[in-house]
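Here's the structure we're looking at; comments come further down.
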Number of protein chains: 2
Amino acid sequence: MGKAKPTKYAILSLLSLEPMSGYDMKKLIDVSLVHFWSESYGQLYPTLRALESEKLVTSRRERGSGKPDRIVYTITRKGRWELKNWLRQPADIPRVRYELLLKLFVGSMLPVESNAEQIRLQRRELAHGLSKFRLYRKMVMEDGVDPMHRVYFLLTIRHGEMVARARIRWCDEALKILGEVAKESPDE
Amino acid sequence: MGKAKPTKYAILSLLSLEPMSGYDMKKLIDVSLVHFWSESYGQLYPTLRALESEKLVTSRRERGSGKPDRIVYTITRKGRWELKNWLRQPADIPRVRYELLLKLFVGSMLPVESNAEQIRLQRRELAHGLSKFRLYRKMVMEDGVDPMHRVYFLLTIRHGEMVARARIRWCDEALKILGEVAKESPDE
DNA sequence: AATAATATATATCATTATGATATATGACCC
DNA sequence: GGGTCATATATCATAATGATATATATTATT
């Protein structure tokens with residue numbers, strides 16, 4: 001039934017903040033929203049054209065002084081209206097594919113140490129991601145961000161932090177458990 | 001470069017436990033692994049045929065007494081070998097698309113109460129998911145599960161619990177913050 | 001006894017998404 | 001002069017989803 005079309009609404013969401021190009025969106029997502037969203041160019045550019053033909057956004061070509069030309073998109077009144085409609089629908093539960101846990105699920109095929117190393121790797125990446133949230137906070141607090149938007153942005157950052165911290169705690173717990181298992185049966 | 005093909009390895013992982021049909025896999029994932037994995041029939045059945053032509057699995061048709069016929073797949077030695085190879089590669093970081101947080105990111109377009117309601121809905125689903133982990137634990141402890149497999153399965157369950165608890169804590173914190181915001185500016 | 005709903009089981013397809021690559025411009029550096 | 005980096009749009013093969021189709025048998029409802 002209802003096709004979700006998350007990319008469509010992700011684009012409209014970003015354009016509700018300010019006009020920007022597809023390239024801008026990709027950068028913004030990869031730098032500041034990566035803890036809860038992702039988009040690929042292959043989905044971004046075709047969807048932008050589709051949104052324009054739906055009259056949900058307009059575009060203007062900007063001469064790139066030095067850099068290549070940019071196509072800057074602006075959300076229309078109709079676009080804002082459709083975005084609000086979507087915002088009011090219950091958010092659907094994300095399907096997950098957490099490769100590390102799939103590998104651990106059949107971890108007994110490999111030596112304990114191999115699985116422990118996977119967890120250590122994961123822990124390192126989580127700790128690195130965690131350090132970025134401090135930067136995000138600074139960014140949000142700095143310039144003239146709308147105070148209500150600031151509150152909501154901070155909520156997404158807080159979510160990222162809390163989940164990352166929980167995962168790090170899990171890594172530590174898991175490594176401890178695997179350490180004990182290794183002591184009991186060092187051959188496995 | 002390296003195509004990940006997670007479905008391929010998810011199938012090999014399940015078959016490393018015991019022979020089963022595509023239907024069995026879908027059920028097993030939806031019931032017991034849903035906190036870290038998902039698959040669709042549209043990906044499962046074609047991939048199973050591809051794996052057979054790669055000689056990583058074999059199949060036999062089982063007459064369904066009453067029920068329709070089933071095609072039961074068994075992993076081959078070559079399949080086990082390829083699975084182990086994949087298990088040794090570092091697990092890649094999952095890209096997320098957490099719709100609730102995208103909606104909150106532009107939450108200032110709607111009244112505070114609308115966003116609070118979204119969070120309350122999410123909290124309910126998280127609490128419901130949390131209650132299932134108790135069942136999983138029982139399942140794992142019951143019958144003759146291999147002790148090492150049990151350890152690893154319990155780790156994935158523990159991860160699900162810890163992340164779900166962290167998210168519930170975030171919901172409560174977020175609702176508190178939005179409550180205060182609503183008091184300060186009840187019009188917004 | 002007829003009808004509806006549910007569970008089992010495989011299969012296909014349009015739509016959506018990813019990851020990689022192609023193309024092009026100018027800045028900066030050695 | 002060559003190499004790399006950042007900017008910017010575009011496309012394509014592959015992968016994944018969600019929906020639907022088909023078929024059989026059991027159980028529940030009217």
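Treat the numbers as computed from the prediction; the structure is a model and nothing was measured. Order of the sequence lines fixes the chain letters, A, B, ..., with proteins taken first and strands second; residue numbering starts at 1 for each chain.
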*For B:Phe105 and A:Leu14, run side-chain contact (heavy atoms from CB on, under 4.5 Å): C-alpha distance rounded to whole Å, both residues' side-chain angles, the deciding distance at 0.1 Å, then the answer.*
CA-CA 9 Å; B:Phe105 181 67; A:Leu14 297 189; 4.1 Å; yes
*Under the 3.5 angstrom rule, does the side chain of A:Gln118 hit a backbone N or O of A:Leu104 as a donor-acceptor pair?*
no
_Taking the nucleotide of DNA chain C with the nearest heavy atom to each, does B:Lys27 or A:Thr47 sit closer to the 5' end?_
B:Lys27
*So, are A:Glu113 and A:Arg120 salt-bridged, with charged N and O less than 4.0 Å apart?*
yes
*Does the distance from a Lys or Arg side-chain N to an Asp or Glu carboxylate O, for B:Arg97 and B:Glu99, drop under 4.0 Å?*
no
*Which of residues 91-104 of chain B sit near DNA chain C, with a heavy atom under 4.0 Å from it?*
B:Arg95, B:Arg97
_Within this structure, what is the NZ-CG distance for the pair A:Lys8 and A:Leu48, rounded to the nearest 0.5 Å?_
12.5 Å
*Got a second to check how far A:Arg158's CZ is from A:His35's NE2, nearest 0.5 Å?*
12.0 Å
N/O to N/O distances under 3.5 Å, protein versus nucleotides 22-29 of chain C:
{"from": "C:dG26", "atom 1": "O4'", "to": "A:Gly66", "atom 2": "O", "distance (Å)": "3.3"}

_Nearest-nucleotide pick for A:Glu39, side chain only, options being D:dA15, D:dT17, C:dT18_ = C:dT18
*Would you say B:Ser32's side chain and B:Ile29's backbone share a donor-acceptor pair under 3.5 angstrom?*
no
*Establish, from distance only, whether the side-chain atoms of B:Tyr98 and B:Gln122 form a donor-acceptor pair under 3.5 Å.*
yes
*Are A:Thr7 and C:dT16 close enough that a side-chain N or O sits under 4.0 Å from OP1 or OP2?*
no
*Going by the angle between their ring planes, with limits at 30° and 60°, are B:Tyr136 and B:Phe133 parallel, tilted or perpendicular?*
perpendicular
Which protein N or O atoms sit under 3.5 Å from an N or O of nucleotides 10-12 of chain C?
{"from": "C:dT10", "atom 1": "OP1", "to": "B:Ile71", "atom 2": "N", "distance (Å)": "2.4"}
{"from": "C:dT10", "atom 1": "OP1", "to": "B:Ile71", "atom 2": "O", "distance (Å)": "3.3"}
{"from": "C:dT10", "atom 1": "OP2", "to": "B:Tyr23", "atom 2": "N", "distance (Å)": "3.1"}
{"from": "C:dT10", "atom 1": "OP2", "to": "B:Tyr45", "atom 2": "OH", "distance (Å)": "3.2"}
{"from": "C:dA11", "atom 1": "OP2", "to": "B:Arg49", "atom 2": "NH1", "distance (Å)": "3.3"}
{"from": "C:dT12", "atom 1": "OP2", "to": "B:Arg49", "atom 2": "NH2", "distance (Å)": "3.1"}

